[in-house]
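Take a look at the structure set out below.
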Number of protein chains: 2
Amino acid sequence: MTNFEGMGSLTEENYIKSIYSLSLEAGEVTVSELAKKLNVKLPTVNSMIKKLAAKKVVSYAPYQGIKMTEKGKKEALSIIRKHRLAELFLVKVMGLGWEEVHDIAEQLEHVESERFYNRIDEMLGKPKVDPHGEPIPDVNGKIHSKNRLAVSQMKEGTSGKISAVSNDEKSFLDHLNAKGIQIGDLITLKKRESFDGSVLIITKAKKETMLTHQVAERIWVES
Amino acid sequence: MTNFEGMGSLTEENYIKSIYSLSLEAGEVTVSELAKKLNVKLPTVNSMIKKLAAKKVVSYAPYQGIKMTEKGKKEALSIIRKHRLAELFLVKVMGLGWEEVHDIAEQLEHVESERFYNRIDEMLGKPKVDPHGEPIPDVNGKIHSKNRLAVSQMKEGTSGKISAVSNDEKSFLDHLNAKGIQIGDLITLKKRESFDGSVLIITKAKKETMLTHQVAERIWVES
DNA sequence: TTTTAAAGTTAGATGAGTCTAACATTTAAA
DNA sequence: TTTAAATGTTAGACTCATCTAACTTTAAAA
Ligand SMILES: [Mn+2]
Ligand SMILES: [Mn+2]
Ligand SMILES: [Mn+2]
Ligand SMILES: [Mn+2]
């Protein structure tokens, strides 16, 4: 059960993925952000960061933020690639719903087998987008990311095609399923309430639906 | 990353699987057999056995052999089911060769998801046999095992259909691939050398091939 | 600018899974 | 039936990933 030459343990892989996704928002990642995301305490993160820094996956100096190195980004993108390929495979080939694939992909992303992922990639025709609209990095870690605008940022009266959701937890996607919202749907923003940031949209099925700000900011339309 | 209620860690699952398969040969399993199979030292096995005994997965008294409990057998069969379903899926749905699926299945068997395995089972039509001819336990752990005879035990002049191989390591299966031997092939045993136990068989393609005893005893024909 | 709160670090402990070295028991040979 | 070899067990140590408690540094308030 020895790990791959130069590759990290399952735990390390999860740290790398989390650091990467947090760094997309802020550039520098803090120890406490990471601790919250991974559900561990601060000292746990602190000691793991030292290990990752020793492996040149992140750069770090005490009391400073955590930054990914190029090596770290490559590893992160490779794991994200596997995660998203797995999700799409589970939906397209195995017929699972977009709301139930994330938890399985969290496990499959750690499977170590070039062959396995190459076959998935081929069977899906080298896809560029996962079931939640998120881009799938290619084998070299390159991402084709489209310009996107959160539904919470749309101007009243404008329309847009839903291109992605920035959360793939089951509870959130169950909520969207209940409202009949899917990737690819054309929606129109009818009204935004300035009080709480909730929005009223007109869905594909010409139905009016209200979305809270928390929901609207996690749905992206093409721009 | 907490483990399933009552279910074991990845390490425990690997012990359970190994104990089960060794117990099929001998009933009682020894500490040293297990240590050899798992590539760990005797004291490592000793302490893990105590843990498994505490969990009622095996029964054990010092210096006595290790026996699986009913609970342990159930767990073992559930893991074996997942392993074999995964192997067949990799071959039938994903187009991989029978020689390359075992290592991937070793990882997939630990995936925790009813949905995942139910879909695989459905897509394959609730299959009974894996790509190596080994029976796939059903959800209740029931196995339909056919009567089998090792090629090394066949009488000279008799024929039989290859129904399984009792080893799914890549090196062994590469060897069979090179000799053009597959599950389902009808073969005839032409001669057995009493000196070294090697056998001469006539394959489906009417070609004569020599198999060493080590190989012949790992290939089963229906009887 | 002092004080306080938040964030980060160090020290030391724990459980899982592994190891080596030393000792005990069982089995096989002499 | 004594001796030697093989097998099994105990004790103690190590790494990994985690924790709590105590201390330090930085950032925010007063
Ligand atoms: Mn996901
Ligand atoms: Mn996704
Ligand atoms: Mn196998
Ligand atoms: Mn098999």
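So you know, we letter chains A, B, ... as the sequences are listed, proteins then strands, and number each from 1. A quick note: this is a predicted structure, and the numbers were derived from the prediction, not measured.
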Rounded to whole Å, CG of Leu38(A) lies from P of dC19(D) at a distance of 10 Å

Separation of dG12(D) atom P from Asn46(B) atom CG, nearest Å, is 16 Å

Considering only heavy side-chain atoms of Lys41(B), the closest of dT18(C), dT9(D), dT20(C) is dT20(C)

In whole angstroms, the gap separating P of dG15(C) from CG of Leu10(B) amounts to 21 Å

**Prompt:** Salt-bridged, Glu12(A) to Lys55(A), with N to O below 4.0 Å?
**Reply:** yes

Sorted by position of nearest nucleotide on DNA chain D, 5' first, the leading residue of Pro43(A) and Glu12(A) is Glu12(A)

Considering only heavy side-chain atoms of Leu42(B), the closest of dG8(C), dT18(D), dT9(D) is dT9(D)

Asn39(B) CG to dC19(C) P, in whole Å, measures 9 Å

To the nearest angstrom, the CE-P distance between Met48(A) and dT15(D) comes to 15 Å

Exercise. Hey, does Thr44(B) reach any base, or is it just sugar-phosphate, or nothing, if we go heavy atoms under 4.0 Å?
Worked result: base

dist Tyr60(B):OH -> Leu52(B):CG (nearest 0.5 Å) comes out at 11.5 Å

Pick base, sugar-phosphate or nothing for Lys36(B), based on heavy-atom distances below 4.0 Å to the nucleic acid.
nothing

Open item on the list: Run the salt bridge (charged side-chain N to carboxylate O under 4.0 Å, His left out) test on Glu134(B) and Arg148(B) for me, step by step, so that the C-alpha distance in whole Å, both residues' side-chain angles and the decisive distance to 0.1 Å come before the verdict.
Closed with: CA-CA 11 Å; Glu134(B) 297 288 349; Arg148(B) 32 163 82 167; 3.4 Å; yes

May I ask you to say whether Lys17(A) pairs ionically with Glu75(A), meaning some side-chain N is under 4.0 Å from a carboxylate O? no

From the candidates dT18(D), dT18(C), dT25(D), the one with an atom nearest any side-chain atom of Val40(A) is dT18(D)

From the candidates dG8(D), dT9(C), dT18(C), the one with an atom nearest any side-chain atom of Ser32(B) is dG8(D)

To the nearest angstrom, the CD-P distance between Gln64(A) and dG8(C) comes to 11 Å

To the nearest angstrom, the CD-P distance between Glu28(B) and dT7(D) comes to 16 Å

When rounded to whole Å, the CD1 to P distance for the pair Ile49(A) and dT18(D) reads 12 Å

- Ser47(B) near the nucleic acid: base, sugar-phosphate alone, or nothing, with a heavy-atom cut-off under 4.0 Å? base

Quick note, Tyr15(B) side chain, CB onward, closest among dT10(C), dT18(C), dT9(C) is dT18(C)

Side-chain contact check for Tyr63(B): nearest option of dT9(C), dT18(C), dT25(C) is dT25(C)

Exercise for the section: Output yes when a side-chain donor or acceptor of Ser18(B) lies under 3.5 Å from a complementary backbone atom of Asn14(B), and no otherwise. Expected result: yes

